Structures are given as structure tokens and as C-alpha cells.
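Right, one structure below, let's go through it.
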Amino acid sequence: MTEYTIGLIVNGTPVTMTADVRTTLLDLLRERLQLTGTKKGCDHGLCGACTVSVDARRVLSCLTLAVTIEGATVVTIEGIAQDDQLHPLQEAFIDHDGFQCGYCTPGQICSARAMLAEHARGDLSAATFDGPFTDLANGPDTLSTNEIRERMAGNICRCGAYPNIVDAIASCLPEHRP
């Protein structure tokens, strides 16, 4: 067993620990840091239940070796709220009933948060070219429901709450905020 010292910032807190080089980020979060909001679904990168943000990009923590992100900033579902104030996506999932059993919800919310940041940066998706544009070089004006579905395709909900999840995410777009 080869041990490695890993330094990360997890939900705003610097963390340094020794772990086996084969330790996934998911196992480090759940077993070593007791951050159990991030779920282990399929453990093969197919369901998205383990989605977290690493340096403002969404990753599947079950496929990410912790040693490969040395020095990174990790945000889990436990870290997206500000003090006692829920993140707007958390509020939207409640308001739009974007969950049933709730198992996939942390991964869905973390993925949606990162996806909205990707969209704001101008990152394109396969569905980007299906919608209206003002300036193709700067990306789409808005996210259509088809584009939200495309960008969230890596997150599976076994209960089938997809329409409500899409509505929750859409309600957090700038054009839908009061």
C-alpha cells in the first residue's frame, strides 16, 4: 500500500491527510471526511450521484483519484449553502419538487451548479446549436429545456423527477429570476 499526503480545500476548509494512492475522491469525502451528502451510486461513473465540483468544474468523484487533484478546491453539497441560507438551486429543487427519493439530489444540484457556471463561461454543448443566438461566438442567449437536459444527461434519477429537475434549474437562470 502506497500512502500519499494530499492537501485540498474542501468546502472552504484546508484539509491535509495521508491516503492510499488508490483512494477515490468519493471515498475520501465519505469515509475520511464524513461528508456523506455525496452519494455512491453505481461506482462506475454512470449515474452522477457522486458529482462534486473540483476547481469549479464538475467531476465524478467515484472516478477521480484523490491524489490527482492535489491542491484543488473541492465543493460538495455540504459546501454550497452560505451559512444558514440555502443555495438558490437548493431552494429551486424544493420549490419545484425536483426530487422524490432524494438519493440523486446532491449530485443533481452539484452538477447543475457547475453546469450553470459552464454556461456562464460560454462553454457549448451538443444542444447549443439547436437554440436562438445573438452572437454565436459568445454562446446562446439562454438555456432551453433541451439544452438543460443535454447538459445534465450524466445525472440519472431513478424516480424520474426529470421535468421538475429541469424546471428547478431553469428557474435559476438570470432571465427567470425576479
Side-chain angles (χ1 to χ4, degrees), residues 24-27 29-30 35-65 68-69 72-80 86-177:
T24 64
L25 176 58
L26 175 61
D27 290 337
L29 292 169
R30 290 184 58 80
L35 295 171
T36 57
T38 303
K39 302 301 185 211
K40 184 177 276 197
C42 65
D43 211 21
H44 295 286
L46 300 173
C47 72
C50 68
T51 305
V52 298
S53 174
V54 175
D55 290 337
R57 304 240 184 228
R58 56 185 159 167
V59 302
L60 299 169
S61 62
C62 75
L63 297 181
T64 304
L65 293 175
T68 65
I69 61 165
T73 298
V74 178
V75 180
T76 69
I77 191 67
E78 292 92 346
I80 69 169
L86 291 177
H87 185 278
L89 276 165
Q90 291 171 310
E91 288 282 353
F93 268 67
I94 293 168
D95 294 346
H96 292 272
D97 197 23
F99 53 90
Q100 287 181 26
C101 81
Y103 194 82
C104 72
T105 305
Q108 295 275 1
I109 291 173
C110 286
S111 187
R113 180 176 171 266
M115 182 270 293
L116 291 173
E118 291 165 7
H119 178 283
R121 279 194 308 268
D123 295 357
L124 305 177
S125 79
T128 298
F129 303 98
D130 295 337
F133 302 96
T134 55
D135 179 357
L136 186 56
N138 292 318
D141 293 336
T142 63
L143 283 173
S144 67
T145 56
N146 284 342
E147 186 153 8
I148 292 171
R149 285 187 190 108
E150 168 67 26
R151 289 175 182 251
M152 292 294 293
N155 290 82
I156 296 171
C157 173
R158 63 183 170 205
C159 299
Y162 297 116
N164 298 357
I165 291 168
V166 170
D167 289 346
I169 295 167
S171 75
C172 291
L173 294 170
E175 62 271 15
H176 295 289
R177 288 191 207 128

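What you see is a predicted model, and the numbers here were worked out from it, not measured in a lab.
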So does G107 get a backbone contact from the side chain of N155, meaning a donor-acceptor N/O pair under 3.5 Å?
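Checking the backbone N and O of G107 against the side chain of N155, a donor-acceptor pair under 3.5 Å is found.
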Rounded distance [0.5 Å steps], [atom1] in [X] versus [atom2] in [Y]:
| X | Y | atom1 | atom2 | answer |
| --- | --- | --- | --- | --- |
| H96 | S171 | NE2 | OG | 3.5 Å |
| R121 | R57 | CZ | CZ | 4.0 Å |
| F93 | D167 | CZ | CG | 10.5 Å |
| S125 | E150 | OG | CD | 5.0 Å |
| T76 | L26 | OG1 | CG | 11.0 Å |
| F99 | Q90 | CZ | CD | 10.5 Å |

Could you check S111, S61, C62, C104 and say which one makes a side chain to side chain contact (heavy atoms under 4.5 Å, CB included) with T51?
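In the set S111, S61, C62, C104, the residue that makes a side chain to side chain contact (heavy atoms under 4.5 Å, CB included) with T51 is S111.
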Can you check whether [X] reaches [Y] side chain to side chain, under 4.5 Å on heavy atoms?
| X | Y | answer |
| --- | --- | --- |
| I69 | D55 | no |
| T64 | V52 | no |
| T24 | L63 | no |
| H87 | I109 | no |
| M115 | I169 | yes |

Tabulate below the donor-acceptor pairs under 3.5 Å that side-chain atoms of residues 35-49 make, not counting sequence neighbours, or state none.
| from | atom 1 | to | atom 2 | distance (Å) |
| --- | --- | --- | --- | --- |
| K39 | NZ | T36 | O | 2.9 |
| K40 | NZ | D27 | OD1 | 2.9 |

Those residues that, when tested against R113, pass side chain to side chain donor-acceptor pair (under 3.5 Å) (two or more places apart)
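Scan of R113 (side chain to side chain donor-acceptor pair (under 3.5 Å), adjacent residues dropped) gives none.
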Give me the atom names and distance for the closest heavy-atom approach of I165 to G98.
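Closest heavy-atom pair between I165 and G98: CG1-O, 3.3 Å.
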Given the rule in the side chain to side chain contact (heavy atoms under 4.5 Å, CB included) test, do V59 and V74 qualify, once you have shown the distances and angles that lead to the verdict?
CA-CA 10 Å; V59 302; V74 178; over 6 Å; no
